[in-house]
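All ligand and atom numbering here is 1-based and tracks the order in the structure. Both backbone and side-chain heavy atoms feed into the values below; hydrogens, waters and symmetry mates do not.
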Amino acid sequence: MKVVIEQVGKCYQGPDRQKVTALSDINLTIHSEEFVVLVGPSGCGKSTLLNMVGGLLSPTSGTIYVEGLETDRDPVVGMVFQEIGLFPWRTVVQNIAFGLEETRLTQRQITDRVQSYIELAGLQGFENSLPRQLSGGMRQRVGIARALAIQPDLLLMDEPFSALDAQTRTLMQEELLKLWTATRLSTLYVTHNIEEAVFLADRVVVLSRRPGRIIDIIRIDLPREGRDTGECAAQFKNYASQIWQLIRKDAEDALREGESA
Ligand SMILES: Nc1ncnc2c1ncn2[C@@H]1O[C@H](COP(=O)(O)OP(=O)(O)OP(=O)(O)O)[C@@H](O)[C@H]1O
C-alpha cells in the first residue's frame with residue numbers, strides 16, 4: 001500500500017489562542033513495502049505528521065491519499081507508541097487479541113492468529129503473563145505484536161524504543177527488522193535517534209524546526225544485514241553525520257529556545 005502526502009500543513013491553536021504552524025508544505029510518498037523514518041529537532045512536527053497519516057488528526061491544508069487497497073475500504077493502520085498502552089489487567093494473549101475482538105474472526109481464528117504473532121515476536125512462554133511481569137523490551141514486543149496481529153496495511157511507529165536502555169534498544173531494532181522483513185509493511189517511523197534512523201530506513205526524511213518542512217530525503221543505500229558493521233561501517237557513519245549536519249543548527253536553536261522559555 002502506498003501513502004501520498006501532498007502539500008500538507010497543520011496549524012494548532014496555541015495557549016493564548018495564537019496560531020501555531022506545526023508543519024508546512026509536506027510532500028512525501030511512502031511506497032509499498034518501504035520503511036521511511038522521520039527525524040528532526042524536538043517539536044518539528046514528527047508526531048503530528050504520523051498522527052495525520054494514521055487518521056488521528058486532520059491536516060489543516062493539503063491531502064493524504066492512500067492508494068493500492070483492493071476496494072474502497074479504509075486502510076487498516078497498526079500504531080505503536082513510546083507509551084505502549086497495554087492493558088495492565090490483560091495477559092499477553094489478551095492484549096494481542098484486543099484489536100481482533102470486534103472483527104468477524106471466530107474465537108478459534110483469533111487464538112491461532114494471536115499464537116502466530118506470539119511466535120513471531122518471540123513471546124512463547126509468556127502468553128499468560130501480565131504486562132507488569134515483563135521487561136520493558138518484552139512489553140514493547142507485545143505492543144508490536146498487537147499492532148501486527150490486525151494485519152495492517154500500514155505500520156506507524158512513534159519513538160517506540162526511546163524509553164528502553166541502550167542495549168535493549170539495539171536488540172529491539174534488530175528484532176523489529178526481522179518482523180518487518182517477514183511482513184514488508186509500508187512503515188512510517190519517528191525517532192530522535194539518527195543512528196536508529198540510518199539502521200532501519202530505506203529513506204530518512206529530515207525535517208526542519210517548526211514549522212516543520214522537509215529539508216532533505218536521504219536514501220540509505222546499504223544492505224539491511226550488517227548495515228552498521230564491517231565494510232558498511234564507514235558508510236553508515238557518513239550517513240549519520242550527513243543527517244546530523246542537516247539538523248544540527250535547528251536542534252541547537254530549538255534547545256536554546258526551550259532553555260529561554
Ligand atoms: N494539540 C496541540 N495544540 C497546540 N500545539 C500543539 C499540539 N500538539 C502539538 N503542538 C505543537 O506542534 C509542534 C509539533 O509537535 P509534535 O509533537 O508533532 O512535534 P515532534 O517533532 O513530534 O516533537 P518531539 O520530537 O519533541 O516529540 C510543537 O511545537 C507542539 O508544541
Examine Cys44 against ligand 1 and note whether any of their N/O atoms are separated by less than 3.5 Å.
yes
Side chains of Leu200 and Thr191 in contact at under 4.5 Å (non-hydrogen atoms):
no
Tell me: protein heavy atom nearest atom 17 (O) of ligand 1, and distance?
Ser47 CB, 3.9 Å
Any protein heavy atom nearer than 4.0 Å to atom 30 (C) of ligand 1:
no
Heavy-atom nearest neighbour of atom 25 (O) of ligand 1 within options Lys46, Lys10, Arg210
Lys46
May I ask which of Asn51, Thr48, Asp158 has a heavy atom nearer to atom 16 (P) of ligand 1 than the others do?
Thr48
Would you check if there is a donor-acceptor pair between the side chains of Asn27 and Gln7 at a distance under 3.5 Å?
yes
Who's the nearest protein heavy-atom neighbour of atom 27 (O) of ligand 1, and how far?
Glu159 OE2, 3.9 Å
Distance from atom 9 (C) of ligand 1 to nearest protein heavy atom, with residue and atom:
Tyr12 CE1, 3.3 Å
Does the plane of the ring in Phe199 sit parallel, tilted or perpendicular to the ring in Phe236? Use 30° and 60° as the thresholds.
perpendicular
Could you work out, for atom 21 (O) of ligand 1, the closest of Gly45, Ser42, Pro15, Ser162 by heavy-atom distance?
Gly45
Just to confirm my output: which protein heavy-atom neighbour is closest to atom 14 (C) of ligand 1, and how far is it?
Gly43 O, 3.4 Å
